[in-house]
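Below: one structure, written as structure tokens.
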Amino acid sequence: MQKEKKLKPSKELPSGFVDRQETELLIRDFVISNIKEVMIKYGFQYLETPSFEYTDSIGKFLPDKERPGEGVFSFKDENKWISLRYDLTAPLARYVAKNFNEIPKPFKRYQLGTVWRNEKPGPGRYREFLQFDADFVGTNSLQADAELCVLISEILERCGLDKSDYTVKISSRKFTNNLFKKLNINSDEQKTTILRALDKIDRLGWNEAQKLLGEGRKDKSGDYTKGANLKNDEIKIIENALKINEPDTEDILEIINIFKAYNFKNYKFDPSVVRGLEYYTGPIFEVNLNFEVKNLKGQTIQFGSIGGGGRYDNLVSNFGNLDYPATGISIGLDRVIFALMQKKDFKLKATRPIMICVFDKNNIKKYVEILNKLREANISSEIYPGEGKIKKQMERANKIECPGVIFYGDDEIKKAEVKFRNLKTGKETSIKVENLTNEIKRLI
RNA sequence: GCACGAGUAGCUCAGUUGGUUAGAGCAGCGGUUUGUGGAACCGAAGGUCGGCAGUUCGAAUCUGCCCUCGUGUACCA
């Protein structure tokens with residue numbers, strides 16, 4: 001008889017997906033609670049939309065392909081393609097269009113949620129991650145744009161970052177549009193290539209980035225990227241345009257003016273900020289960290305921005321509601337958390353239970369009596385989930401860092417008292433059952 | 001997608017120019033201690049050496065292809 005091959009299920013995770021452990025989750029909870037407090041303070045409504053949307057509602061993906069929309073997770077549901085959302089902005093536009101008559105105008109909402117992207121994972125970049133979005137819908141006022149920058153700063157600082165740790169960069173589509181006019185560039189393809197090159201100045205430096213404006217660039221791995229084929233004098237014009245310290249577009253000037261009213265200073269005008277080419281129409285923002293971020297192996301990695309946004313005046317009108325302007329900002333919470341864990345020594349400790357040792361499983365009733373007293377007093381507690389040697393039980397309690405254990409064996413039961421051992425100090429105290437909770441609270 | 005690097009026990013890694021039954025530390029399990037953790041000691045267990053094919057008398061080691069992970073780069077709503 002043939003030996004059957006054991007087909008063990010894989011214990012590996014799909015590429016780009018990760019388990020998240022308690023230390024990270026505690027920081028996440030902390031960040032989220034800060035976000036909620038700030039958003040309430042700034043007067044935003046809380047919204048949640050589903051993970052799935054009809055594919056054509058959240059993107060321009062064509063359903064005639066085998067699998068629509070490279071980059072998103074999609075499947076066919078009763079002959080209609082649906083996709084896991086890849087951001088929170090597209091669902092917002094859909095929500096606004098759908099509930100157009102009911103929502104207050106302008107509409108301010110914030111949303112926290114997981115988003116999915118079917119693309120190659122990178123450092124600090126997964127295929128499933130948590131995003132936070134705050135948007136103003138239905139207003140042209142640049143006060144909204146300005147306030148988004150102010151609010152994001154307040155959130156980051158509440159989470160423990162200093163002003164020197166991050167910068168909010170601002171720019172405007174209008175700046176690059178003016179530049180294109182000046183250079184007499186009309187080809188969309190060329191515009192896109194130029195914008196992408198500008199976007200890389202930060203990371204590559206001007207010398208490398210300008211190769212992308214010209215013929216092209218070979219990176220250190222040997223990969224070649226075609227450039228925008230601008231002439232040297234045209235590149236020079238761009239170089240000079242980028243050098244200006246003072247913004248020359250009205251929208252940015254106005255935003256900066258509003259910043260002054262808010263006494264907000266931690267911004268920088270940076271015309272090389274580009275962001276999403278598809279839909280931003282006016283001012284754009286990007287939040288960057290000013291410190292190095294390392295991966296688990298201790299290597300410094302290209303971390304990129306932790307968030308950004310801008311004005312997208314066409315998104316809602318795509319659904320047929322005409323002329324509905326919007327502006328928003330989003331941050332990648334996992335990235336913020338990853339960076340925060342390196343920057344700050346968080347003292348967020350998980351709560352661990354007091355553990356009642358099991359001497360004899362026939363005494364379960366006795367143990368539960370003690371357990372109930374503790375739990376009624378809202379003291380985290382448990383009965384050792386199993387049976388076996390006390391040594392084993394102690395080892396586990398030690399490993400999960402219980403504050404203490406309770407011994408309630410035959411001797412103690414007879415005397416109507418428990419023996420409490422503080423696991424940090426090793427000190428043991430006998431406590432009358434009737435004084436149990438007060439004494440325990442005192443001893444931990 | 002392209003490039004470079006890496007895959008050996010649950011984890012971190014060693015493994016000489018190809019040579020018998022592939023090692024260590026930690027973790028886990030059992031014991032020294034049948035009611036007391038963190039330490040020590042003893043013992044047993046744990047591996048298709050990422051996969052497939054090839055070269056060879058012989059492959060963890062050499063070659064090819066594939067997979068996965070990491071980093072860079074491209075794309076990024």
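Reminder, nothing fancy here: chain letters follow the sequence lines and each chain counts from 1.
Ring geometry for A/Phe338 versus A/Phe303: interplanar angle under 30°, hence parallel rather than tilted (30 to 60°). Using bins of under 30°, 30° to 60° and over 60° for the plane-to-plane angle, the ring pair A/Phe75/A/Phe52 lands in the perpendicular bin.
Between the CZ atom of A/Arg117 and the C1' atom of B/A77 there is a distance of 6 Å, given to the nearest Å. Summarising the geometry, the separation between CD1 on A/Ile400 and P on B/G38 is reported as 15 Å, rounded to the nearest angstrom. Distance CD1 (A/Ile354) to C1' (B/G37): 15 Å, rounded to an integer number of Å. Whole-Å rounding puts the A/Gln393 CD to B/G37 P distance at 12 Å. The NZ-P distance, from A/Lys399 to B/C11, rounds to 14 Å in whole Å. In this structure, A/Glu292 places its CD atom 15 Å from C1' of B/U71, rounding to the nearest Å. Straight-line distance from the CG atom of A/Asn398 to the C1' atom of B/G38: 5 Å, rounded to whole Å. With rounding to whole Å, A/Leu88 atom CG is found 16 Å from B/C76 atom C1'.
Taking only side-chain atoms of A/Arg125, from C-beta outward, the nucleotide of B/A74, B/C76, B/G35 with the closest atom is B/C76. Nearest nucleotide to the A/Leu204 side chain, out of B/G38, B/U36, B/A74: B/A74. Nearest nucleotide to the A/Phe407 side chain, out of B/U73, B/U36, B/G37: B/U36. Across B/U36, B/U73, B/G35, the shortest atom-to-atom separation from the side chain of A/Thr225 is found for B/U73. For A/Arg196, taking side-chain heavy atoms from C-beta onward, the closest of the listed nucleotides B/C76, B/A77, B/G37 is B/C76.
One P atom belongs to B/G7, the other to B/G51, and the distance between them is 13 Å to the nearest Å. Across the C1' atoms, B/U16 and B/C76 are found 48 Å apart, a figure rounded to whole Å. For the C1' atoms, the distance from B/G54 to B/G46 is 32 Å, rounded to whole Å. Here the separation of B/G50 from B/C42, taken at their C1' atoms, is 36 Å to the nearest Å. To the nearest whole angstrom, the two C1' atoms, one in B/A24 and one in B/U33, are 29 Å apart. Taking atom C1' in both B/C49 and B/G18, the straight-line distance is 15 Å, to the nearest Å. Separation of the C1' atoms belonging to B/A77 and B/U71 is 25 Å when rounded to the nearest angstrom. On the P atoms, B/C11 is 13 Å away from B/G47, given to the nearest whole Å.
With both pairing distances under 3.5 Å, B/C57 is matched to B/G19 as a Watson-Crick or G-U wobble pair. Pairing of B/A24, defined by two Watson-Crick or G-U wobble distances under 3.5 Å, is identified with B/U12. Judged by Watson-Crick or G-U wobble contacts below 3.5 Å, the nucleotide B/G1 has B/U73 as its partner.
Of the two residues near RNA chain B, A/Gly409 and A/Lys392, the one whose nearest nucleotide lies more 5' is A/Lys392.
In this model, no side-chain donor or acceptor of A/Lys389 finds a partner on the base of B/U33 within 3.5 Å. Not a single donor-acceptor contact under 3.5 angstrom links the side-chain atoms of A/Arg396 to the base of B/G37. For a distance-only test at 3.5 Å, the side chain of A/Lys120 qualifies as a donor-acceptor partner of the base of B/G72. Residue A/Glu428 places a side-chain atom within donor-acceptor reach of the base of B/U36, judged by atom type and a 3.5 Å distance cut-off alone.
Within 4.0 Å (heavy atoms only), A/Arg203 reaches sugar-phosphate atoms of the nucleic acid but no base atom. Heavy atoms of A/Ser15 sit under 4.0 angstrom from primed sugar atoms or phosphate atoms, though from no base atom. Residue A/Asn295 is classed as a sugar-phosphate contact, given heavy-atom separations below 4.0 Å to backbone atoms only. Note on A/Glu412: a base of the nucleic acid sits closer than 4.0 angstrom, heavy atoms only. Within the 4.0 angstrom heavy-atom criterion, no nucleotide atom of any strand lies near A/Lys226.
In this structure, A/Arg217 does not reach the B/U73 phosphate: none of its side-chain N or O atoms is under 4.0 Å from OP1 or OP2.
Under 4.0 Å is where a charged nitrogen must lie from a carboxylate oxygen, and between A/Asp334 and A/Arg125 no such pair does. Salt-bridge formation is not detected for the pair A/Asp87/A/Arg85: no Lys NZ or Arg NE/NH1/NH2 atom is positioned less than 4.0 Å from an Asp or Glu carboxylate oxygen. With respect to the salt-bridge test (charged N to carboxylate O, under 4.0 angstrom), the residues A/Arg109 and A/Asp135 qualify. The residues A/Glu24 and A/Arg28 are annotated as not salt-bridged, no charged nitrogen and carboxylate oxygen being separated by less than 4.0 angstrom.
A/Tyr46 does not carry A/Lys36 over the face of its six-membered ring by the limits of under 6.0 Å from the centre and within 45° of the normal. For the pair A/Lys343 and A/Phe291, the distance from NZ or CZ to the six-membered ring centre is under 6.0 Å and the angle to the ring normal is within 45 degrees.
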